[in-house]
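Everything on this sheet refers to the single structure shown next.
Along the sequence shown, residues carry numbers from 1.
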Amino acid sequence: MTPGLEVLQGLNPAQRQAVETIEGPLLIVAGPGSGKTRVITHRIAYLVRVCGVSPHRILAVTFTNKAAREMRDRLSRLVGPRADSLTVGTFHAFCAQLLRRDGGTVGVQPNYTIYDTEDQLALIKQGMELAELDAKRFPPQAVQGVISRAKSVLWDSQTLGRQRQSFFEERCAQVYHHYEELLARNNALDFDDLLMRSVQLLQSSAEVRHKYQQRYQYVMVDEFQDTNVAQYQLARLLAEGRRNICVVGDPDQSIYSWRSADIRNILSFQKDYPEAQTIALEQNYRSTGTILEASKKLISINGMRLPKDLFTDNAKGAPVMVHEAYNPEEEAEFVASEISRLVRQEKRRPGDCAVMYRINAQSRALEEACLRMGIKYRLVGGVRFYQRREIKDLMAYLRLLHNPLDEVNLTRVMNVPPRGIGAKSVQDLVAWSQRERLPLFAAMQRIAAALAAREPCPVPLTVRAANSIAKFAQCLDTLVKQSTELSIVELIDRVVEDTGFRRHIQDSPDNAEERWENILELRETAREFNAEEPPNGLSSLLERLSLVADVDTYEEAEDSATLITLHQAKGLEFPVVFIVGLEEGLLPHSRSLDEPHQLEEERRLCYVGITRAKEKLYLLRAFRRGFGGSSGPAIASRFLQEIPPHLLASAQPARAASPIAEVQTVRYNRRPDVAAAPPAPISARPSLQPGNLVRHAAFGEGVVLSCIPSGGDHEVTVQFREGAGIKRLLLSYAPLEKLEG
C-alpha cells in the first residue's frame with residue numbers, strides 16, 4: 001500500500017471521493033450523522049500524508065471551540081506531531097490572531113480587548129446617551145441587535161445610515177457612530193468586529209492579502225450553512241488565488257439566522273464557483289431507521305434545500321414516542337420518571353439522556369422535576385463559569401493590565417474591592433477625562449502625579465476619593481509593569497494580593513469558599529499558558545476566555561442527564577433524546593408563524609433536535625402552557641402532524657395520571673393493521689371554535705380547546721368530562737355533536 005493511503009480505510013465510497021477530491025472548489029453536503037468530521041480530518045491527513053502538502057499551508061475553520069478541539073485531536077492521531085503546524089480553529093479565533101499580527105494596517109493595536117455581550121451593552125448605553133436616545137423607547141438590546149446585523153454584512157455606521165429602512169434604524173446608525181468611537185477610545189473590538197475588521201484588512205491591504213493567500217493553499221470551512229456575509233467574504237478572500245476551497249455543511253441544519261447566518265451562502269455556492277464539484281454524504285451512522293425516517297419526512301416539507309437522500313444500515317429501532325401532558329409540570333414529571341425507568345429497567349445511564357427545548361425558560365420545570373426525583377443533571381447555558389461575578393471582576397483586572405485603555409473594565413473594578421471611590425466620583429472622573437481628551441487611566445495617573453507633587457487635584461473630587469484614585473493608579477502602574485515580566489499564574493497571584501481582591505472574596509458573607517474556589521479554578525486554567533513568554537501568556541489566556549461559548553465547556557458525564565436548548569444541541573448526539581414543548585407558538589416559535597422562511601428555520605431546528613437521537617426519541621407537548629404567571633390552552637405543533645403516524649407510538653406515563661392529564665391522541669394511536677371507518681363528508685362535519693360544547697359517542701360531553709386545519713381535515717382538541725380527559729381527534733373521523741350553550 002502506498003504510504004499514507006491507510007487514511008482511506010474504513011471510508012464509504014462518498015466519503016472517500018470527498019477525501020480524494022483535492023483540487024478546485026468542493027461542496028460537501030453532509031447529512032446529520034454522516035461522518036463529516038471524519039471526512040474533514042481524513043481529507044487533511046490525505047493532503048499531508050499522500051499529497052505531500054505542508055501542514056503549514058492548510059487552514060480549517062469551524063464554529064465552536066469544541067468542534068475545533070475534536071478536529072485537532074483527531075488530526076494529531078492521523079498525522080502525528082505535524083498536526084501542530086496546521087491552522088485549525090474557529091472563525092473568531094483565526095481573526096483574533098490575524099488582527100493581532102497585522103491589524104495595525106486598519107488601526108487595530110495588538111493589545112486590543114475583545115468585549116463580550118455585557119461589555120458591548122455598556123458601551124451601547126453610553127452611545128445612546130451621546131445620541132440622546134431614550135432607553136425606555138429604544139431598548140439597548142434592540143439597538144445592539146441592529147448594529148450586530150449591520151456588522152455581519154460589513155456595514156459601518158455611515159452605510160447603515162444610508163441603507164436605513166426605518167426611523168429606528170436611522171437612530172441606531174447614530175448610536176453606531178458613537179459606539180465606533182467608544183470602541184476606538186477603549187482599544188476594543190466586539191465579536192462582530194473580529195470578522196468585519198479582518199475582511200477590511202484583507203480587502204484594503206494587497207500585501208497582507210497576498211501573504212495569507214500564499215500561505216494557505218487549501219482552505220476548508222465546516223458548518224458552512226452557518227456562515228454570515230462577513231465569514232463568507234473572509235473565506236473567499238483567503239482562497240481567491242488557488243480556489244482550493246472546500247466547504248462542508250447542510251442547509252437542513254441552518255438554524256442561526258438570528259445570529260445573521262445566511263443560508264444562501266451554501267445554496268448559492270455553485271453559482272459563485274461554477275466549476276465546483278458537489279458530493280453528498282447520505283449514509284447516516286447515528287440514528288435508527290425509524291428516527292431517520294421521521295426526520296426525513298419532517299424536513300422534506302421545506303423548500304430551501306439541497307437534494308440528498310439519507311439512508312442507514314442501522315436497525316429500524318423503536319417507534320418515536322409521543323407523550324401529551326396537561327401542563328409543563330406534568331410534562332417534566334413524565335421526562336424525569338422516564339429517565340428513572342430507563343436507568344432502572346433498561347440499564348441506561350442518566351448521561352445517555354438529553355432533554356431539549358426551544359427557550360431557556362422551559363428548563364425550570366425540568367430542573368424541579370429532576371431535583372424531586374433525585375436525578376443528577378447538567379444545565380447547559382445556565383449561569384456560566386466565566387459570567388460569575390468574581391470571575392468577571394478578576395478578568396476585568398487582567399484585561400486592564402493587558403490594555404490600560406479599556407475603560408469598561410477599569411470602571412468595573414474601580415471600587416472592587418471597595419476603596420472609597422463612589423459612583424459620583426467615577427462619573428466626575430470620566431466626565432473630566434473626556435473633556436481633557438485623556439484616557440481614563442491617564443486621568444488617574446495625572447491625579448496621582450499631582451498629589452505626589454503636593455499639588456491640587458486637577459479633578460473636582462473629595463479628598464478621600466482623590467487619594468483612593470491616586471493609590472489605585474499607583475497599584476495598577478506596578479501591575480502593568482509586572483504583566484510584562486511575570487508568568488500568567490504569578491501575575492494572577494500578584495493581582496489578587498496587591499489589589500486586596502483575595503481578602504475581599506474570602507471575607508465575603510456570600511458563598512466565600514465557593515467564590516474563592518472559582519478563582520483558584522481560573523488560576524489553574526491559566527497554568528496552560530504559564531510557559532509562554534510574558535506578556536504572551538496573558539494575551540493567550542484572555543483571547544481563549546473571550547471566545548468561550550456555552551457548548552465549548554460541555555463534557556459528557558455518565559451520571560448526569562443533559563438539559564439543553566435545541567440551538568445549543570447542534571453538533572451533539574445522545575442515545576436518548578426528549579424534545580419538550582412541541583406546541584404552536586413555542587416550536588415553531590410565535591415569531592415565525594407569519595414568515596415562511598422563519599417557519600422553515602423552526603422546522604430545521606426541530607429536525608436538528610430529532611437527529612441528535614441515536615436510539616430512542618420522545619416528542620412531548622402540554623395542553624396548557626404559559627410564562628410570566630399566565631397559562632392558556634396550547635395547540636399541538638404542526639411538526640407532530642408532519643411525521644407519519646406509522647412511525648409514532650403513544651408514550652404511557654410511568655404512573656397513573658390524573659384524569660385531566662390522561663391525554664390521548666386518537667390519530668397517533670390508530671393501529672395500522674385495522675381499517676379505519678370512512679371519514680364523514682365535509683357537509684356533515686360541525687363547525688367548531690374554542691369554547692364550543694360537544695358530545696362524543698364514547699367520551700361523552702366536553703369543551704373544545706382548539707380546532708386547527710390539518711392536511712385538508714381539522715384536528716380538534718377536546719377536554720372531556722367524567723374522567724375521559726383531554727383527547728385530540730380528526731374531525732372527519734370523530735363522531736362529535738355540537739351542543740348549544
Side-chain angles (χ1 to χ4, degrees), residues 64-67 69 116-118 255-256 258-259 325 327-340 342-343 348-392 510-511 514-515 517-518 521-522 525 545 547-582 586-587 589 605-606 608-610 612-613 616-620 622 625-628:
T64 67
N65 293 310
K66 184 178 186 299
R69 188 166 59 243
D116 63 16
T117 302
E118 184 180 333
I255 59 174
Y256 295 116
W258 51 280
R259 291 184 187 167
N327 58 24
E329 287 69 33
E330 290 197 357
E331 178 185 64
E333 186 173 353
F334 171 81
V335 170
S337 298
E338 188 66 5
I339 292 174
S340 293
L342 291 169
V343 171
R348 299 275 183 182
R349 303 171 303 178
D352 291 339
C353 303
V355 190
M356 302 177 186
Y357 36 85
R358 178 63 177 82
I359 61 175
N360 280 307
Q362 290 173 263
S363 71
R364 179 197 58 81
L366 294 163
E367 289 186 78
E368 291 176 356
C370 287
L371 289 169
R372 282 196 304 271
M373 301 200 66
I375 298 172
K376 290 184 67 175
Y377 66 90
R378 60 173 57 205
L379 179 65
V380 180
V383 178
R384 303 192 298 275
F385 176 79
Y386 296 109
Q387 295 300 315
R388 298 180 188 275
R389 187 174 77 238
E390 63 274 11
I391 298 300
K392 287 280 288 183
D510 181 21
N511 300 322
E514 179 184 344
R515 295 178 69 199
E517 287 174 353
N518 289 336
E521 184 174 341
L522 177 62
T525 300
L545 300 189
L547 301 176
V548 167
D550 291 338
V551 75
D552 295 331
T553 58
Y554 174 82
E555 297 292 344
E556 293 182 10
E558 293 185 1
D559 63 344
S560 301
T562 297
L563 308 184
I564 190 170
T565 68
L566 286 161
H567 282 101
Q568 293 167 326
K570 189 163 175 291
L572 304 178
E573 60 180 36
F574 302 88
V576 181
V577 167
F578 298 82
I579 303 179
V580 300
L582 276 154
L586 188 54
L587 184 63
H589 197 279
L605 185 59
C606 187
V608 164
I610 289 173
R612 301 309 94 196
K616 283 182 175 288
L617 174 65
Y618 295 79
L619 305 177
L620 297 96
R625 176 86 60 178
F627 297 105

Evaluation steps, side chain to side chain contact (heavy atoms under 4.5 Å, CB included), between Leu342 and Lys616: CA-CA 11 Å; Leu342 291 169; Lys616 283 182 175 288; 4.1 Å; yes

Results of salt bridge (charged side-chain N to carboxylate O under 4.0 Å, His left out) for Glu390 - residues two or more places apart only: Arg515

Heavy-atom closest contact (Ala365 atom, Ala332 atom, distance): O-CB, 3.4 Å

Donor-acceptor under 3.5 Å (Glu330 side chain, Asn327 main chain): no

Glu118: partners by side chain to side chain contact (heavy atoms under 4.5 Å, CB included), with sequence neighbours left out: Asp116, Gln387, Lys392, Arg412

From CG (Leu566) to CD1 (Ile255), nearest 0.5 Å: 7.5 Å

Leu545 and Ile391, any side-chain heavy atoms less than 4.5 Å apart: no

Arg625 to Gly581 - nearest heavy-atom pair and separation: NH2-CA, 3.2 Å

Student check: side-chain heavy atoms of Leu572 and Lys66 closer than 4.5 Å: yes

Heavy-atom closest pair, residues Pro328 and Ala622: N-CB, 4.0 Å

Arg389 and Asp510: CA distance, side-chain angles, deciding distance, side chain to side chain contact (heavy atoms under 4.5 Å, CB included) verdict: CA-CA 11 Å; Arg389 187 174 77 238; Asp510 181 21; 4.1 Å; yes

Any donor-acceptor N/O pair, Tyr357 side chain to Ile564 backbone, under 3.5 Å: yes

Leu582 side, atom CG; Leu587 side, atom CG - distance, nearest 0.5 Å: 5.0 Å

4.5 Å side-chain heavy-atom contact, Arg388 and Glu514: yes

Side chain to side chain donor-acceptor pair (under 3.5 Å) partners for Tyr618, two or more places apart: Glu338

Approximate separation, where rounding is to 0.5 Å, of Met356 CE and Thr562 OG1: 8.0 Å

Trace of the side chain to side chain contact (heavy atoms under 4.5 Å, CB included) decision for Ile579 with Leu617: CA-CA 8 Å; Ile579 303 179; Leu617 174 65; 4.3 Å; yes

All side chain to side chain donor-acceptor pair (under 3.5 Å) counterparts of Thr565, not counting sequence neighbours: Gln568

Closest heavy-atom pair and its distance - Gln362, Leu586: NE2-CD2, 3.5 Å

Asn65 side chain to Leu547 backbone, donor-acceptor under 3.5 Å: yes

All salt bridge (charged side-chain N to carboxylate O under 4.0 Å, His left out) counterparts of Arg364, not counting sequence neighbours: Glu329, Glu368

Any side-chain heavy-atom pair of Val580 and Val335 under 4.5 Å: yes

Residue list, side chain to side chain contact (heavy atoms under 4.5 Å, CB included) with Cys370, at least two apart or on another chain: Ile375, Tyr377

Non-neighbouring partners of Asp559 that pass side chain to side chain donor-acceptor pair (under 3.5 Å), sequence neighbours left out: Lys376

Closest contact, heavy atoms only, Leu379 versus Ser363: CD1-CB, 3.8 Å

Pro575 to Arg348 - nearest heavy-atom pair and separation: CB-NH1, 3.6 Å

Heavy-atom side-chain contact between Phe578 and Leu366 under 4.5 Å: no

Student check: side-chain heavy atoms of His589 and Ile359 closer than 4.5 Å: yes

Set of salt bridge (charged side-chain N to carboxylate O under 4.0 Å, His left out) partners for Arg612, sequence neighbours left out: none

